[in-house]
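Below is one structure; the comments refer to it alone.
Side chains included, hydrogens not; waters and symmetry mates left out as well; all remaining heavy atoms used.
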Amino acid sequence: MLKYSQGFYKGKITELEGYASVLTEHIETLKNYKSQLPEFWDDENGLSTARALESAIVGTNHALTQIKMQLAQYGRLVDEYEGASQDVQQKIENALSALDSLASLAPAVAGAAL
């Protein structure tokens, strides 16, 4: 059984998509800064800053990958939830149909018992 409602997971998906968008923009900004760096800073400090920017790019890419993995997980949970809901609905319909069949047999059984 799923621990949370389908809406909860859909809300998390929307939230994570927003974070993924922010991280993607951040990565582009960092890459832009790194590409501009040699134009105005070409000493050892500039190289150190370039390494720091590259490290930040790698770390942000890692965070983005984690978010994408979490999005995939939540997507699977939503799919499972939808499948489980459909399965439960089908079982309820089958049970109601069986009860209707039994109810229609009840008068015949009651008449036969007399």
Side-chain angles (χ1 to χ4, degrees):
M1 199 61 165
L2 294 175
K3 187 172 180 178
Y4 299 104
S5 71
Q6 182 181 19
F8 172 83
Y9 291 111
K10 286 184 176 181
K12 288 297 182 183
I13 288 170
T14 301
E15 187 178 345
L16 286 173
E17 287 171 342
Y19 294 147
S21 177
V22 168
L23 288 178
T24 300
E25 290 174 20
H26 187 62
I27 289 168
E28 291 307 312
T29 300
L30 290 171
K31 286 179 179 180
N32 186 33
Y33 289 157
K34 185 180 172 194
S35 71
Q36 293 175 12
L37 195 61
E39 295 174 16
F40 61 88
W41 204 359
D42 61 355
D43 64 4
E44 185 57 40
N45 290 330
L47 290 174
S48 175
T49 302
R51 284 192 291 271
L53 284 170
E54 183 60 31
S55 178
I57 291 168
V58 169
T60 307
N61 271 323
H62 178 71
L64 182 58
T65 299
Q66 294 298 317
I67 285 176
K68 288 179 180 179
M69 288 171 42
Q70 193 66 47
L71 277 169
Q73 175 69 19
Y74 283 151
R76 284 190 298 276
L77 288 171
V78 167
D79 290 345
E80 286 177 23
Y81 190 94
E82 288 174 357
S85 293
Q86 290 171 359
D87 187 43
V88 167
Q89 184 62 36
Q90 185 61 46
K91 287 181 180 184
I92 290 170
E93 288 173 12
N94 291 344
L96 290 174
S97 177
L99 288 174
D100 284 344
S101 295
L102 289 174
S104 66
L105 292 175
V109 171
L114 293 175

* Asked: Quick one: side chain to side chain contact (heavy atoms under 4.5 Å, CB included) partners of Thr24, sequence neighbours excluded?
  -> Leu64
* Structure fact -> Rounded to the nearest 0.5 Å, the OG atom of Ser35 sits from the CG atom of Leu30 at a distance of 11.0 Å
* Structure fact -> Across all chains, not counting sequence neighbours, the salt bridge (charged side-chain N to carboxylate O under 4.0 Å, His left out) partners of Glu17 are none
* For Glu39, which residues count as a side-chain hydrogen bond (donor to acceptor under 3.5 Å, both in side chains) partner, sequence neighbours excluded? -> none
* To do: Scan for salt bridge (charged side-chain N to carboxylate O under 4.0 Å, His left out) pairs involving residues 44-58, sequence neighbours excluded, and state none if there are none.
  => Lys34-Glu54, Glu44-Arg51
* Residue pairs involving residues 11-69 (criterion ring-ring contact (aromatic ring centres under 6.0 Å, His included); sequence neighbours excluded) -> none
* To do: Indicate whether any N or O donor in one side chain lies under 3.5 Å from an N or O acceptor in the other, for Gln36 and Asn32.
  => yes
Name each donor-acceptor pair under 3.5 Å that joins a side chain in residues 65-77 to protein atoms two or more places apart or in another chain, with its distance.
| unit_1 | atom_1 | unit_2 | atom_2 | d |
| --- | --- | --- | --- | --- |
| Thr65 | OG1 | Asn61 | O | 3.0 |
| Gln73 | OE1 | Arg76 | NH2 | 2.8 |

* Thr29 side, atom OG1; Ile57 side, atom CD1 - distance, nearest 0.5 Å -> 10.0 Å
